[in-house]
Colleague: 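The structure is given below, and queries will be raised subsequently.
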Amino acid sequence: MPTSLELQIKTLPNSPGVYQYFDKDDTIIYVGKAKSLKKRVSSYFTKNHENGKTRVLVKKIVRIEHVVVDTETDALLLENNLIKKYKPRYNVLLKDDKTYPWICIKKERFPRIFSTRRVVKDGSEYFGPYTNVRTVHALLDLIKELYPLRTCNYDLSQEKIDADKYKVCLEYHLGNCKGPCEGYQTEESYLEDIRAIRNIIKGNFKESLQQFEKIMLDFAADMRFEEAQKIKEKLASLQNYQAKSTIVNPSINNVDVFSIISDESHGYANFLKIMNGSIVQSYTTEIKKKLEETDKELLELFIIETRQRFHSLSREIFVPFKVNVGNDIKVTIPKLGDKKRIVELSERNAKFYRQEQFKQIKIVDPDRHVKRIMTQMQKDLRLGKEPRHIECFDNSNIQGTNPVAACVVFKDGKPSKKDYRHFNIKTVEGPDDFASMEEVVYRRYKRLLDEEQPLPQLIVIDGGKGQLSSALKSLDALGLRGKIAIIGIAKRLEEIFYPGDPVPLYLDKKSETLKIIQYLRNEAHRFGITFHRNKRSKSAIQSELEQIPDIGKQTITNLLRKFKSAKRVKAATLEELKEVVGNARAQKIYKHYQKKEE
């Protein structure tokens, strides 16, 4: 049986994220980022590492935790935050006090704009962080080109300007500043430029595009092509920059984020701790339901226990729905923006954890995995029994030619291909799907009854109400109505129909039950259409050879055994035909094809 660590590695997601390695003392010894968590973490345990430090690290790993994020950039930022918080023994690169740069719009009269690595809570606006310093420099250079702003640190109060306390500097004479220090530029005009710059930093270029184009055209009209090209290149370099990250937002401080998803027997809850705008902690766990607890009840219990466990003093929590956790905590249900994205990130981590648990159960205890799926299907489809044995029917024909049908069998949610069956339609003439379905269902279950074979718990009919009604006629004729559950699935909207119920059932598009029903339907279609094509192809070949006068079925069979297709028979020489069917028949076949070509 695989160890706990091996199970964790096998069930990691292929998404971007950050992983944390713990030793036997439950201490974080390494934090890393990955484009694919599964590939990156697996590489530690499958490669022969030349670096002795890495070999020692791998030997000490006892447990792995991970946080799923949206992009590689988010993973890089979160890795930076976690390394600075925990200072793991085997991390070197990011343990210093350096951090990623931000762009600051200073809170002051005639605001300055500059890059900084320190976020100071003085009411200033911060944008970022940026994982690429060149992007910051390019952005600030572009802003400087487009909007002349002051770079001095003077206190430009109206009183001091009126008192002529300051004189314009060299920047004014170079055209890089409009001289607000001497009142040459109004505050309204300056703030209008700041508004446009704020849009550019956020990645909203639409409002400024016309101005960009005008500046470039003006440069070009003045024969200043280098300056025009420079602005064009800087704009191009900024198209892909990431304005901000869901991982870090300085406006969100000292907040706990909670979310939960659940199934019949368990809930899966996630906790993210936000400190100084950064995710510094993530915890996900499984909660076993004892009664019929709701998600609200489970999440309330998880919030109280988790805050006590991690000694959280946060006065605000973000959750996906309303909860009651006392009057001392502010409960926020975000509707949009970064707050909403952080709750969605928490939910995403809970979903991935649930998937990993399912995969581990599938490896360690496959019976429990099957039992869970069967119980879920029984509930979703409103069945009296678990559908351990399911059969699905599909018809295939083209304008009534070569009509066939297929029956595929699933046992414990998986295909049982040895039990698949093909049917040639015998009693129906022309394209009549309803009559064909009635015939095939009758023949299938008449035979199972005659041979005393086990009957399925569920029959799935590929089609809507019409095909379902036809199948019901056969079950009525065999006395099986009420003994086997039967449903129809319509392809267009994935509607599930029940006998005698005009209102269809719509399953959640992401539910395992619907996925299994779709898998059944697709298998039946694939199995049926393959049989239909083979039959049609064989029929077409035989009909072409049957057009040759005085050539019987046995001769056609001998020709196809030798040449494999009618096309090769047509291309064969007279001598090759004689070797297979003799001189007389060979002459007739050869002359037939010669006449067709004339």
Side-chain angles (χ1 to χ4, degrees), residues 1-83 85-95 131 245-247 261 266 268 270-272 279 281-286 345-366 368-369 372 414 510 512 515:
M1 183 178 291
T3 64
S4 175
L5 188 61
E6 288 171 342
L7 279 175
Q8 281 186 281
I9 295 165
K10 283 183 179 180
T11 55
L12 284 168
N14 283 311
S15 302
V18 172
Y19 54 92
Q20 302 166 62
Y21 293 153
F22 291 77
D23 63 10
K24 59 183 175 58
D25 299 321
D26 213 32
T27 301
I28 296 178
I29 56 175
Y30 187 78
V31 173
K33 64 171 174 34
K35 183 177 180 180
S36 166
L37 284 166
K38 189 178 185 69
K39 290 180 181 177
R40 183 73 182 103
V41 174
S42 298
S43 70
Y44 279 91
F45 299 90
T46 55
K47 289 182 179 178
N48 292 320
H49 300 284
E50 294 181 4
N51 189 315
K53 179 182 168 184
T54 307
R55 290 199 298 271
V56 173
L57 167 66
V58 172
K59 286 180 181 177
K60 290 188 174 183
I61 299 169
V62 173
R63 183 169 66 85
I64 301 168
E65 284 188 6
H66 66 273
V67 182
V68 176
V69 295
D70 293 324
T71 67
E72 281 186 88
T73 301
D74 286 349
L76 184 61
L77 296 170
L78 179 54
E79 178 195 35
N80 180 35
N81 297 332
L82 293 176
I83 289 175
K85 176 178 172 65
Y86 295 110
K87 294 183 170 53
R89 179 179 177 183
Y90 289 90
N91 282 99
V92 175
L93 292 178
L94 299 174
K95 271 208 292 195
T131 54
S245 165
T246 56
I247 296 303
I261 59 169
H266 292 79
Y268 304 87
N270 173 262
F271 158 63
L272 299 175
I279 295 177
Q281 201 162 33
S282 176
Y283 171 65
T284 313
T285 191
E286 179 183 78
L345 181 64
S346 175
E347 289 176 330
R348 195 169 168 211
N349 276 275
K351 287 176 183 175
F352 274 108
Y353 184 83
R354 178 175 179 249
Q355 290 173 8
E356 289 155 30
Q357 294 299 107
F358 288 169
K359 289 176 185 176
Q360 291 179 18
I361 291 168
K362 196 173 181 179
I363 295 169
V364 177
D365 189 357
R368 180 185 161 190
H369 173 72
R372 180 187 61 77
K414 294 181 179 179
K510 296 181 181 179
E512 288 181 287
K515 287 177 181 176

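Computed over heavy atoms, backbone and side chain alike; hydrogens, waters and symmetry mates excluded.
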Colleague: If you apply the rule side-chain contact (heavy atoms from CB on, under 4.5 Å), what do you find for F45 with L5, and how did you get there?
Modeller: CA-CA 10 Å; F45 299 90; L5 188 61; 3.9 Å; yes
Colleague: So which heavy atom on P13 is nearest to which on H66, and how close?
Modeller: CD-NE2, 3.8 Å
Colleague: What distance do Y283 atom OH and E65 atom CD have between them, rounded to the nearest 0.5 Å?
Modeller: 9.0 Å
Colleague: Would Y21 and Y44 satisfy ring pair (Phe, Tyr, Trp, His ring centres under 6.0 Å), going step by step from the backbone distance to the final call?
Modeller: CA-CA 11 Å; Y21 293 153; Y44 279 91; 5.3 Å; yes
Colleague: Hey, what do you get for OH (Y30) to CG (D23), rounding to the nearest 0.5 Å?
Modeller: 15.5 Å
Colleague: Write down the atom of R348, the atom of V69, and the distance for their closest heavy-atom approach.
Modeller: NH1-O, 3.1 Å
Colleague: Once you round to the nearest 0.5 Å, how far does CD of Q357 lie from OG1 of T284?
Modeller: 10.0 Å
Colleague: Keeping D26 on the side-chain end and F22 on the backbone end, is there a donor-acceptor pair under 3.5 Å?
Modeller: no
Colleague: Between R63 and Q8, is a side-chain contact (heavy atoms from CB on, under 4.5 Å) present by the stated rule, with each step listed?
Modeller: CA-CA 8 Å; R63 183 169 66 85; Q8 281 186 281; 4.2 Å; yes
Colleague: Do E6 and I9 have side chains that approach each other closer than 4.5 Å (heavy atoms only, starting at C-beta)?
Modeller: no
Colleague: Can you name the nearest heavy-atom pair linking Y268 to A350, along with the distance?
Modeller: O-CB, 3.5 Å
Colleague: Taking all heavy atoms of A34 and all of A75, pick out the closest pair and write down the distance.
Modeller: O-CB, 4.4 Å
Colleague: Atom OH in Y90, atom CG in L57: separation rounded to 0.5 Å?
Modeller: 6.5 Å
Colleague: Please evaluate residues R372 and E512 with respect to the criterion side-chain contact (heavy atoms from CB on, under 4.5 Å), reporting the C-alpha separation (whole Å), side-chain torsions for both, the decisive distance (0.1 Å), and the verdict.
Modeller: CA-CA 11 Å; R372 180 187 61 77; E512 288 181 287; 2.7 Å; yes
Colleague: Find out whether the Lys NZ or Arg CZ of R40 is both under 6.0 angstrom from the six-membered ring centre of Y19 and within 45° of the ring's axis.
Modeller: no
Colleague: Which atom names give the shortest non-hydrogen contact between K359 and T11, and what distance separates them?
Modeller: CB-CG2, 3.1 Å
Colleague: Which pair of non-hydrogen atoms, one from Q20 and one from V31, has the smallest distance, and what is that distance?
Modeller: CG-CG2, 4.1 Å
Colleague: What distance separates I61 CD1 from I29 CD1, expressed to the nearest 0.5 Å?
Modeller: 5.5 Å
Colleague: Using the side chain to side chain contact (heavy atoms under 4.5 Å, CB included) definition, which of the options L272, L78, V68, V18 pairs with S282?
Modeller: L272
Colleague: Can you tell me how far the CZ atom of F352 sits from the CD atom of Q355, to the nearest 0.5 Å?
Modeller: 6.0 Å
Colleague: Are the side chain of K38 and the backbone N or O of K10 linked by a donor-acceptor pair below 3.5 Å?
Modeller: yes
